[in-house]
Amino acid sequence: GNRPGTGRGLIVIQTNATSSFHVSFSQTDALPIRGSDVPSLRFVVGKRQNSMTSVGLGNPYVKKEPIDFTRQSDALLTSNPEKS
């Protein structure tokens with residue numbers, strides 16, 4: 001049927017943001033997520049003056065530590081409209 005199942009997905013976000021932005025995913029529509037006990041997966045792009053992009057659980061992250069992060073330039077904010 002049309003039931004949700006385990007699988008893969010792809011989300012593309014294009015932005016002209018010049019400061020960090022957050023994308024959070026959760027199984028509930030309860031807001032706000034920040035500071036709540038609502039389980040969430042959160043991405044932060046352009047964190048720490050655009051020096052890193054990170055992913056973690058919770059908002060803020062559990063123990064304030066991301067699961068993973070990168071400092072690669074292609075994962076940071078850019079002023080180049082073709083790459084944003």
When rounded to the nearest 0.5 angstrom, what is the spacing between [atom1] in [X] and [atom2] in [Y]?
{"X": "S40", "Y": "Q27", "atom1": "OG", "atom2": "CD", "answer": "11.0 Å"}
{"X": "S54", "Y": "I67", "atom1": "OG", "atom2": "CD1", "answer": "10.0 Å"}
{"X": "M52", "Y": "D68", "atom1": "CE", "atom2": "CG", "answer": "9.0 Å"}
{"X": "L31", "Y": "T28", "atom1": "CG", "atom2": "OG1", "answer": "8.0 Å"}

Search all heavy atoms of V44 against all heavy atoms of H22 and return the closest pair with its distance.
->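 Closest pair (atom of V44, atom of H22, distance): CG2-ND1, 3.5 Å.
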Check G46 against S20 and note the closest heavy-atom contact, atom names and distance.
->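 The pair with the smallest heavy-atom distance is O-CB, 3.3 Å.
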Could you go through the side-chain contact (heavy atoms from CB on, under 4.5 Å) check for L77 and V45 one step at a time?
-> CA-CA 7 Å; L77 297 171; V45 178; 3.9 Å; yes
Is the charged tip of R42 near the ring of Y61: under 6.0 Å from the six-membered ring centre and within 45° of its axis?
->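 Yes.
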Could you walk me through whether I13 and F21 pass the side-chain contact (heavy atoms from CB on, under 4.5 Å) test, one step at a time?
-> CA-CA 11 Å; I13 298 173; F21 70 91; 4.1 Å; yes
Any side-chain heavy atom of V55 sitting closer than 4.5 Å to one from L41?
->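 Result yes, sub-4.5 Å side-chain heavy-atom pair found.
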Just wondering, do R34 and P60 contact through their side chains at under 4.5 Å, heavy atoms?
->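 When only atoms from C-beta onward are counted, R34 and P60 do touch, with a gap below 4.5 Å.
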Look at the side-chain heavy atoms of Ile, Leu, Val, Met, Phe, Trp and Tyr, link any pair under 4.5 Å apart, and say whether V38 and V62 land in one connected group.
->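 No, it is not one cluster - the side chains of V38 and V62 are not joined through contacts under 4.5 Å.
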Give the cluster check for L57 versus I33: same hydrophobic cluster or not, with ILVMFWY residues linked at side-chain heavy-atom distances below 4.5 Å.
->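 Not linked; separate clusters.
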